[in-house]
Amino acid sequence: MHSVFSLLIVTFTALAAGSFAPTERDVIKKEYAVSPGGTLHLDLDRGNIEVEVTEKARVFIEMERIAKAKEKEEAKSILEHHEYAFERRHNDVYVRSRYDADRFAWNLRKRPSLKINVVVRVPSEYNVVFSNGAGNVEVFDVVGDVRGTTGAGNVTLENIEGRVEVSSGAGNLEVSGAIGAAEVNTGAGNIALYDLQGTVQAGTGAGNIDAVIVHQPEGHSRFGSGAGNVTVALSDDIGVFVRATANIGSAKCEFPLTVSKKLLSKSFSGEINGGGAELELHAAVGNVVLKRHRTR
């Protein structure tokens, strides 16, 4: 009993020491006068990104840096060795951030850490381009194109009016808005697409895809998963030509199309509401479902 009690004390002490590790925090702010139609370029090797709109013809940048280490001086040193740059070129704004974690890799048990949070406000009619090594990306209410990649992290694009091209090595993707065309891919993660009206190319290596199409597509759309389910909800007034296949899995269609079976594969195809743009659903290992979109 005594040894168990001692172990609990040691464990609590270690946890307490970790939770009260010396921390250094600062917030760097910058703003630029711009005109609608420019582009925000974000280039981070790590950190979370949030982009929202402002009614002003300006770009506002806030970068929060939080460093933790065993000693307070070491936490300060982390901030000193973090490199960042803000710049305006013509009507575009550039944000860059780099941190060399290997500089502090000698002590793995008490390895220092740096957390980066970047919040940017842009005019509503502005484009966004991002590259993020590790971290989440959120973009809201932008009337413009959004393009970007992240090595590991979730991407949320909400109420976007423009073209979308995003990919993640590992992370979930969620996109909604009056999107003219979208190309979204993730190596491992789920994809959710809402209120679509343009052509869509969506693919995940391992994960589920859920999509809602509420406007008539103008071109070929494809939704594919290597290992996961593909579910598309279609408004009743939309005309498409459907091709849906589950190599290993089940297939279900709420429209008047016949599901056929061949060995382990199930599929259905045909015209809905007289046909139209091609709509392709494919799951290598998983289920494919085409259902009617029901509004609550």
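Remember, it's a predicted structure, so these values are computed and weren't measured experimentally. Because only heavy atoms are used, hydrogens play no part in the values below, and waters and symmetry mates are left out as well, while side chains stay in. We're numbering straight along the sequence, starting at 1.
- Side-chain contact between Ile238 and Pro217 is present, with heavy atoms from C-beta onward closer than 4.5 Å.
- The cluster map of Ile, Leu, Val, Met, Phe, Trp and Tyr, joined by side-chain heavy atoms under 4.5 Å apart, puts Ile116 and Ile28 in the same cluster.
- Across Thr156, Leu157, Asn48, a single residue satisfies side chain to side chain contact (heavy atoms under 4.5 Å, CB included) together with Glu138, and that is Thr156.
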Side chain to side chain contact (heavy atoms under 4.5 Å, CB included) between Ile191 and Asn185: does it pass, once the steps are laid out? CA-CA 8 Å; Ile191 298 177; Asn185 295 279; 6.0 Å; no

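- Taking 4.5 Å as the limit, every side-chain heavy atom of Val146 sits out of range of all side-chain heavy atoms of Val51.
- The two atoms that bring Ala284 and Asn247 nearest to each other are O-CB, 3.2 Å, heavy atoms only.
- Rounded to the nearest 0.5 angstrom, Glu218 CD and Thr199 OG1 are separated by 8.0 Å.
- A salt bridge does not link Glu254 with Arg292: every distance from a Lys NZ or Arg NE/NH1/NH2 to an Asp or Glu carboxylate oxygen is 4.0 Å or more.
- Taking CG of Asp210 as the start and CG of Asn190 as the end, the distance is 7.5 Å to the nearest 0.5 Å.
- Side-chain contact check for Val53 versus Val142: some heavy-atom pair is nearer than 4.5 Å.
- Using a 4.5 Å cut-off on side-chain heavy atoms (C-beta onward), Tyr32 and Ile61 make contact.
- Under a cut-off of 6.0 angstrom, the local environment of CD in Glu87 is crowded, with over 12 non-hydrogen atoms contributed by other residues, nucleotides or ligands.
- Side-chain N or O atoms of Asp195 include none that pairs as donor or acceptor with a backbone N or O of Ser176 at under 3.5 Å.
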Run Val289 and Asn229 through side chain to side chain contact (heavy atoms under 4.5 Å, CB included) and show every step you take. CA-CA 8 Å; Val289 179; Asn229 302 323; over 6 Å; no

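- Using a 4.5 Å heavy-atom threshold, the side chains of Leu40 and Phe130 count as separate.
- Residue Gly37 comes nearest to Tyr126 through the heavy atom pair N-CD1, 4.1 Å, listed as atom of the first residue, atom of the second, then distance.
- In summary, the side chains of Asn287 and Ser250 do present a donor paired with an acceptor at a separation below 3.5 Å, with no hydrogens or angles considered.
- Listed by chain and number, the hydrophobic cluster partners of Val212 are Tyr194, Val214, where partners are ILVMFWY side chains within reach of under 4.5 Å, directly or through others.
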If you apply the rule side chain to side chain contact (heavy atoms under 4.5 Å, CB included), what do you find for Leu42 with Asn132, and how did you get there? CA-CA 8 Å; Leu42 296 155; Asn132 196 10; over 6 Å; no

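- A distance-only check finds a donor-acceptor pair linking the side chain of Ser168 to the backbone of Gly153 [under 3.5 Å].
- A single hydrophobic cluster is seen to contain both Ile272 and Val259, as judged by linkage of ILVMFWY side chains at heavy-atom distances under 4.5 Å, directly or through other members.
- Between Phe86 and Lys30, the closest heavy-atom pair is CD1-CB, 3.5 Å.
- Expressed to the nearest 0.5 Å, how far CD of Glu71 lies from NZ of Lys76 amounts to 12.0 Å.
- A single hydrophobic cluster is seen to contain both Phe255 and Val232, as judged by linkage of ILVMFWY side chains at heavy-atom distances under 4.5 Å, directly or through other members.
- Here the closest non-hydrogen pair linking Val230 and His282 is CG2-O, 3.5 Å.
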Walk me through it: do Arg98 and Asp43 pass the test side chain to side chain contact (heavy atoms under 4.5 Å, CB included)? CA-CA 9 Å; Arg98 290 291 185 275; Asp43 182 9; 3.0 Å; yes

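- Panel note: side chain Ser221, backbone Val200; a donor-acceptor pair is recorded below 3.5 Å.
- Nearest heavy atoms, Gly219 versus Ala277: O-CB, 3.4 Å.
- A donor-acceptor pair under 3.5 Å is formed between the side chain of Thr54 and the backbone N or O of Lys56.
- Under a hydrophobic-cluster definition in which Ile, Leu, Val, Met, Phe, Trp and Tyr are linked whenever side-chain heavy atoms come within less than 4.5 Å, directly or via other members, Leu234 and Phe241 are assigned to different clusters.
- Under the 3.5 Å distance criterion, the side-chain polar atoms of Asp92 are matched with a main-chain donor or acceptor of Thr39.
- In this structure, the separation between CZ on Arg147 and CZ on Arg163 is 9.5 Å, given to the nearest 0.5 Å.
- Using a distance-only test at 3.5 Å, with no hydrogens or angles considered, a donor-acceptor pair links the side chain of Gln201 to the main chain of His220.
- No chain of hydrophobic side-chain contacts below 4.5 Å, direct or via other Ile, Leu, Val, Met, Phe, Trp or Tyr residues, connects Val175 to Val143.
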Audit row: Asp26, Arg65, salt bridge (charged side-chain N to carboxylate O under 4.0 Å, His left out) steps and yes/no: CA-CA 5 Å; Asp26 64 9; Arg65 307 187 301 171; 2.6 Å; yes

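- Between Phe223 and Ile213 the shortest side-chain heavy-atom distance falls below 4.5 Å.
- Judged as a salt bridge (charged side-chain N to carboxylate O under 4.0 Å, His left out), and not counting sequence neighbours, Glu183 has no contacts.
- With hydrogens and angles disregarded, no donor-acceptor distance shorter than 3.5 Å links the side chain of Asn117 to the backbone of Glu64.
- The closest donor-acceptor contact from the side chain of Ser97 to the backbone of Tyr84 lies at 3.5 Å or more, if one exists at all.
- Salt bridge present: Glu280 and Arg222 bring a charged side-chain N and a carboxylate O closer than 4.0 Å.
- Closest approach of Ala69 and Ile78 over heavy atoms only: CB-CD1, 4.2 Å.
- Checked by atom type and distance alone, the side chain of Thr186 pairs as donor or acceptor with a backbone atom of Gly171 at under 3.5 Å.
- Between the side chain of Asn172 and the main chain of Asn154, no donor-acceptor pair closer than 3.5 Å is present.
- For the pair Met63 and His82, the minimum side-chain heavy-atom distance is below 4.5 Å.
- Residues Ser267 and Ser260 have side chains that bring a donor and an acceptor to within less than 3.5 angstrom of each other.
- We find the CG-CG distance between Asp100 and Leu114 to be 11.5 Å, quoted to the nearest 0.5 Å.
- Note: Glu55 CD to Ser124 OG = 9.0 Å, rounded to the nearest 0.5 Å.
- The shortest distance between side-chain heavy atoms of Phe60 and Glu62 does not fall below 4.5 Å.
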